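Working notes for the structure below.
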There are 2 protein chains.
Amino acid sequence: MKFEAVTIKDIAKALGLSTSTVSRALRDSYEISPETKKVVLEYAREINYRPNPIALSLKEKRSRSIGIVVSEIANSFFSQSINGIESVAHSKGYNVIIAQSLESYEREVMSMQFLASRSIDGCLLSVSTETKDFTHITDLHARGLPIVCFDRIIESIDTHKVFIDNFQGAYDATTHLIRNGYRRIANLSNAENLSITRERLAGYRKALEDNDIEFDERMVKYCPHGGMIYDEVDKASTELLKQKPKPDALFASADKLTTNFMRYCKANKVIIPTDIAVIGFSNLDLTELLSPSLSVVRQPAFTMGQIAAELLINIIESKRAVTDFENRILPAEVFVRESSAPKRKQPVLKEA
Amino acid sequence: MKFEAVTIKDIAKALGLSTSTVSRALRDSYEISPETKKVVLEYAREINYRPNPIALSLKEKRSRSIGIVVSEIANSFFSQSINGIESVAHSKGYNVIIAQSLESYEREVMSMQFLASRSIDGCLLSVSTETKDFTHITDLHARGLPIVCFDRIIESIDTHKVFIDNFQGAYDATTHLIRNGYRRIANLSNAENLSITRERLAGYRKALEDNDIEFDERMVKYCPHGGMIYDEVDKASTELLKQKPKPDALFASADKLTTNFMRYCKANKVIIPTDIAVIGFSNLDLTELLSPSLSVVRQPAFTMGQIAAELLINIIESKRAVTDFENRILPAEVFVRESSAPKRKQPVLKEA
DNA sequence: CTGAAAGCGCTAACAA
DNA sequence: TTGTTAGCGCTTTCAG
């Protein structure tokens, strides 16, 4: 059962006009007389005529909808980005179809295929942690599907890219820990293959270097699913904390890594910041209510979504193929709270 | 610019067949010879043929997409519900278009209109807090658009409804506070017009009654935007806490009310649970990491989404008009944590 | 077993 | 200024 919509044909019949006249009148074409327009417009309003977007899509070969592929909508960063995307998409007459990869390569491929088969006009993408092979993306892109990458970037694709200054964010967070007296700083890191992982790791290393702290590979652990799977965080955390000498602080490179590390500490009676100070990437709006309140690196997620959507729609609506692509790099902001409070001098233990 | 898809016509031309034969072969029609089928299928796979869903929609007068209207996707309850909805929608070949009302009546009307004009086959709806006039919904429903309500229900519409046992959840939460020694229990409540508000209020009142505690109207404050606007929570909380005698516990009727009340307490140095014990509805998965860890009433959001989507797709796909509607009521679960710890005896103050 | 043709709602070239 | 017609990709009578 489906509700029958009014069509142009109905109007034409009722008014004794042809469908093309009605069509033109509705679209305010110059070739239609003012009177006819008036009659048509009035009648259309009266019977609440709405053009059928499907027929339009078929005709124009575009659907006025854009796809979004992210790992998870139940992630504050992504839900905020999506809000930004929607705000500009809707204002430009596009609707938005959201797909989640749940950090699975297979699901990402399926999602992209699904969206493409639903005739989206373009796609906004933040790849899954599992994705190492990008052919499902580059293929569609090569076939002409406009794609804009945000947050987790793919280097091998030539298009607009929107992301934050991950290096700077990580550098600032790590430097903050160092300034607060921490010297042995671990890094709970995202999947090794992601662009953001590499950049954040580089920022972390540079901060250590600039403060004459030697980089220790054993202080870095990767979580292949970005913290989405608790067991991975559990394992990585355990390994980090059993290092000798023990880390006195931790920088977490992703939202779920940060919160799941806190979960780990709570479960294992590790006291923050006494046993270990913590700062991490997070876009949760509750971090100040956590125990202890959490120092974070926060991304301008809403703005990122807006920019990415604008760039995508630019490509879609440009007459000629766009060949000049830009990287939009936004700042990350550090919020300092209790979890990274200055290190307190402790009774001298066996470690020097 | 748009990437050109392969059509049935291309296949027909390449194979020297008619489009109808190809169409039938692809759909495994009985009237096509096995050999022809084989050739067509093979060639189709080879050139990666995908049927154009837009053409199909136009023909079949259905889009195989369903709309979701919720107040906010950046709300754990709704993002979890959406996951449930998507899981069944995708498995049944539907895609999902999400719209947010952001608790605004106007935006809700626009969203519904937008979705309807995008030819959705049906709609899942949880109304905004502001919505008191339901004609935008009942109109579409009367015109034949299948609608299923979830969480926040509209009584005046005859359709499937999926929600939790709000009365029970509120009753259990309030009873828990009473058992832990609290007697003067405030209720931070959602918009007065919502179904869930009335039901939760009723559960709260019944629990008081069953324990011989007199209901005091001054102990209930409504937040017209369900806690989304912090100032409303701030104002309501201030009013509640200045009552004499002061409340010793608070039951919050919605996710954002609960967390924003905690924010209020933190900002105003109100200690939980010493100054006031707290339990509230919330689907956040971080409540045990808050300070103090938060006692909550939790909804089976994912399951609700699944059920709602199944019911909607049932209506959509039923041959005859569905007239027999059901209310699916799911249990709410109470999780007890520190924020509602048993009341400690205190030095006798001026209150008896 | 296969093909020709109509039609879903709309637009646009072409005719009048 | 308006009407006729073809066509977007697909399914589906109706003919062969």
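Just so it is clear: chains get the letters A, B, ... in the order the sequence lines come, proteins before strands, and each one is counted from 1. It should be emphasised that the depicted structure is a prediction, and the values quoted were computed from it without experimental measurement.
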Check whether any side-chain N or O of B:K9 sits under 4.0 Å from OP1 or OP2 of D:dC8, and answer yes or no. yes

Touch class at under 4.0 angstrom, heavy-atom based, for B:S57 against every strand present: nothing

Classify A:T7 by what it touches in the nucleic acid, base, sugar-phosphate, or nothing, heavy-atom distance under 4.0 Å. sugar-phosphate

Is the phosphate of D:dT1 approached by A:K37 (side-chain N or O, under 4.0 Å from OP1 or OP2)? no

Does A:A55 or B:T21 map to a spot on DNA chain C nearer the 5' end, using the closest nucleotide for each? B:T21

Check whether any side-chain nitrogen or oxygen of A:Y49 sits under 4.0 Å from OP1 or OP2 of C:dC10, and answer yes or no. yes

Separation of atom NZ in A:K13 from atom C1' in D:dG3, rounded to whole Å: 17 Å

Within the structure shown, what part of the strands sits under 4.0 Å from B:L58 by heavy-atom distance: base, sugar-phosphate, or nothing? base

Side chain of B:P34 only, please: which of C:dG7, C:dA5, C:dC1 is the nearest? C:dC1

Measuring to OP1 and OP2 of C:dC10, would you say a side-chain N or O of A:R27 lies under 4.0 angstrom away? no

Rounded distance (Å) that lies between atom P of D:dT1 and atom CD of A:E35: 9 Å

Classify the nucleic acid contact of A:S33 as base, sugar-phosphate or nothing, counting any heavy atom under 4.0 Å across all strands shown. sugar-phosphate

Base, sugar-phosphate or nothing for B:R24? Non-hydrogen atoms, less than 4.0 Å. base

In this structure, how many angstroms lie between the C1' atom of C:dC10 and the CZ atom of A:R62, rounded? 15 Å

Looking at D:dG9, D:dC10, C:dC1, which one has an atom nearest to any side-chain atom of A:K61? D:dG9

Heavy atoms of other groups near A:E60 CD, more than 12 under 6.0 Å: yes

By the 4.0 Å heavy-atom rule, please label B:I54 as base, sugar-phosphate, or nothing. nothing

To the nearest Å, give me how far apart CD1 (B:I11) and P (D:dG9) are. 13 Å

With a cut-off of less than 4.0 Å, is there a side-chain N or O of B:K59 near OP1 or OP2 of C:dG9? no

Any base atoms under 4.0 Å from A:S23, or only sugar-phosphate, or nothing? Heavy atoms, all strands. base

Using whole Å, what does the distance between atom C1' of nucleotide D:dT12 and atom OH of B:Y30 come to? 11 Å

Considering heavy-atom distances to DNA chain C, does B:I32 or B:E60 have its closest nucleotide positioned more toward the 5' end? B:I32

Nearest-nucleotide check on DNA chain D, B:I8 vs A:V22; residue mapping nearer the 5' end is A:V22

Indicate whether any N or O donor in one side chain lies under 3.5 Å from an N or O acceptor in the other, for B:Q113 and B:H136. no

Could you tell me the separation between the CG atom of A:D28 and the C1' atom of D:dT1, rounded to a whole number of Å? 15 Å

Could you check how far CG of A:D10 sits from C1' of C:dC8, rounded to whole Å? 13 Å

Check the phosphate of D:dT2 against A:S20, side-chain N and O only, distance under 4.0 Å to OP1 or OP2. Yes or no? no

Any side-chain heavy-atom pair from B:L56 and B:R64 closer than 4.5 angstrom? no

Student check: side-chain heavy atoms of A:I82 and B:I98 closer than 4.5 Å: no

In whole Å, I'd like the distance from the CG atom of A:L56 to the P atom of D:dG9. 15 Å

Is A:R152 salt-bridged to A:E103, going by a charged N under 4.0 Å from an acidic O? yes

What one should report as the nearest heavy-atom pair of B:H160 and B:V322 is NE2-CG1, 4.5 Å

